[in-house]
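Right, one structure below, let's go through it.
In what follows, residues are counted from 1 in the order of the sequence shown.
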Amino acid sequence: MAAIPRAVNEDPFGHHYYRHLRYLFVLPVYLSLFYLAERVVQTHYYVSYMPIDDLIPFTEWAVIPYVLWYPYMIGMGVYLMLRDADGFERYLTFIGAGFLSCIAVYFLIPNGQDLRPTVFANHNLLTQLVQDLYAADTNTNVCPSMHVVGSLAVVFALYRTPRLRGKRWLRALTVAGCVVISLSTVFIKQHSLLDVLVALPWSFG
């Protein structure tokens with residue numbers, strides 16, 4: 001018989017009502033360390049590159065799934081926070097372990113990529129969004145790709161949540177989202193394919 005997930009206590013004054021929210025501490029720790037890595041690793045880095053990167057065209061439309069990564073991850077987190085406390089704890093634990101270990105690599109093996117185009121063939125809202133992303137996020141600290149690690153965190157969370165994994169359409173949509181988001185990172189030249197390939201075993205490990 002499948003274990004029933006521990007739901008959030010319906011009594012707002014219950015002893016365990018907010019207990020799972022302590023796992024949110026992972027987020028400020030991750031953001032602080034990533035900000036530090038972005039400031040420390042800027043020029044001298046190992047270049048992440050595979051010859052196939054030169055064959056992958058820049059595609060401005062890929063910026064749409066790339067930015068959808070944020071609501072994709074937040075949406076799963078909010079659902080679990082409200083409906084499945086155990087699942088929320090597992091989700092934040094995976095994110096903490098995955099993201100913080102990536103940042104550890106960035107400090108130990110500073111890396112970056114030199115794939116970003118300097119000139120865009122088209123000038124539209126999408127290329128402007130790409131330029132804004134480039135300005136906000138440096139070309140360093142890319143391998144393993146946290147976009148891939150985070151996307152897989154959502155997939156794993158869905159398959160471990162009894163209320164969600166039984167919905168075939170939701171499983172298909174979530175897996176498709178993971179694949180498209182991961183591919184978008186190379187099509188907007190934010191990552192080398194190497195970053196994606198390294199992130200896959202990194203997430204399953």
Side-chain angles (χ1 to χ4, degrees), residues 26-74 94-155 177-205:
V26 166
L27 301 181
V29 172
Y30 148 65
L31 291 171
S32 298
L33 290 175
F34 183 71
Y35 176 84
L36 180 61
E38 288 283 272
R39 296 299 174 272
V40 172
V41 183
Q42 293 189 346
T43 53
H44 298 88
Y45 53 78
Y46 296 97
V47 177
S48 180
Y49 172 76
M50 295 180 71
I52 194 174
D53 292 328
D54 296 328
L55 303 177
I56 299 173
F58 171 81
T59 307
E60 63 259 33
W61 288 98
V63 73
I64 296 175
Y66 185 87
V67 298
L68 286 176
W69 180 75
Y70 299 97
Y72 181 76
M73 289 200 65
I74 292 170
F94 182 94
I95 290 173
F99 284 8
L100 295 180
S101 61
C102 285
I103 293 174
V105 172
Y106 303 157
F107 280 114
L108 295 172
I109 310 174
N111 59 77
Q113 52 87 4
D114 300 326
L115 300 169
R116 292 177 171 182
T118 56
V119 178
F120 295 100
N122 302 314
H123 295 279
N124 51 46
L125 290 176
L126 296 176
T127 54
Q128 182 59 55
L129 180 54
V130 172
Q131 287 180 300
D132 293 341
L133 284 170
Y134 286 176
D137 192 1
T138 70
N139 64 318
T140 58
N141 306 312
V142 294
C143 187
S145 167
M146 287 197 287
H147 247 64
V148 175
V149 174
S151 297
L152 285 168
V154 175
V155 173
C178 176
V179 172
V180 173
I181 289 171
S182 298
L183 291 177
S184 75
T185 66
V186 299
F187 280 99
I188 65 165
K189 300 301 181 179
Q190 185 68 5
H191 283 281
S192 163
L193 184 60
L194 178 63
D195 308 333
V196 175
L197 295 179
V198 170
L200 293 176
W202 196 269
S203 300
F204 283 91

task = Would you name the heavy atoms of V180 and P65 that are closest together and state the gap between them?
result = CG1-CB, 3.6 Å
Sequence neighbours left out, cut at 3.5 Å: what donor-acceptor pairs do the side chains of residues 56-64 make with other protein atoms?
residue	atom	partner	partner atom	Å
T59	OG1	P57	O	3.4
E60	OE2	N122	ND2	2.9

note = Scanning both residues in full, the closest heavy-atom pair of L133 with V67 reads CD1-CG1, 4.0 Å
remark   = dist T127:OG1 -> D132:CG (nearest 0.5 Å) comes out at 9.5 Å
request  = Could I get the full list of side-chain contact (heavy atoms from CB on, under 4.5 Å) partners for V149, not counting sequence neighbours?
outcome  = F94, F99, C102, A199, W202, S203
key: ring pair (Phe, Tyr, Trp, His ring centres under 6.0 Å) involving Y66 - partner list, sequence neighbours excluded   = H147
request  = State, to 0.1 Å, how close L194 and S48 come at their nearest heavy-atom pair, and which atoms those are.
outcome  = CD2-OG, 3.6 Å
Heavy-atom side-chain proximity of V26 to V29 below 4.5 angstrom = no
note = Interatomic distance, CE@M50 vs CG@L197, rounded to 0.5 Å, equals 5.5 Å
note = For residues 35-57, the ring-ring contact (aromatic ring centres under 6.0 Å, His included) pairs (sequence neighbours left out) are none
inquiry  = How close do R116 and K189 get, counting heavy atoms only, and between which atoms?
reply    = CG-O, 3.5 Å
inquiry  = Under a 3.5 Å distance rule, please check whether N139 uses its side chain to pair with a backbone N or O of G112 as donor and acceptor.
reply    = no
inquiry  = For S184, give me all partners under side chain to side chain donor-acceptor pair (under 3.5 Å), at least two apart in sequence or on another chain.
reply    = none
query = Can you tell me how far the CD atom of Q131 sits from the NE2 atom of H123, to the nearest 0.5 Å?
reply = 7.5 Å
key: Sequence neighbours excluded - ring-ring contact (aromatic ring centres under 6.0 Å, His included) pairs with any residue from residues 181-200   = none
message = According to side-chain contact (heavy atoms from CB on, under 4.5 Å), who are the partners of L31, at least two apart in sequence or on a separate chain?
response = none
query = How many angstroms lie between atom CG of L27 and atom OH of Y30, to the nearest 0.5 angstrom?
reply = 9.0 Å
Between CG on residue L108 and OG on residue S101, distance to nearest 0.5 Å = 11.0 Å
message = Suppose we screen for side chain to side chain donor-acceptor pair (under 3.5 Å). Which residues come up paired with E38, at least two apart in sequence or across chains?
response = T138, N141
ask   = Is L55 atom CG crowded by more than 12 heavy atoms from other residues, nucleotides or ligands, each under 6.0 Å away?
value = yes
Inter-residue atom distance F34.CZ - L100.CG, 0.5 Å rounding = 12.0 Å
task = Could you tell me which non-hydrogen atom of C143 sits nearest to which non-hydrogen atom of D195, and how far apart they are?
result = CB-OD1, 3.1 Å
remark   = Applying side chain to side chain donor-acceptor pair (under 3.5 Å) to S192 and not counting sequence neighbours gives D53
4.5 Å side-chain heavy-atom contact, F120 and V130 = yes
message = Which residues pass the side chain to side chain donor-acceptor pair (under 3.5 Å) test with Q113, not counting sequence neighbours?
response = none
message = How close do V155 and C178 get, counting heavy atoms only, and between which atoms?
response = CG2-CB, 3.6 Å
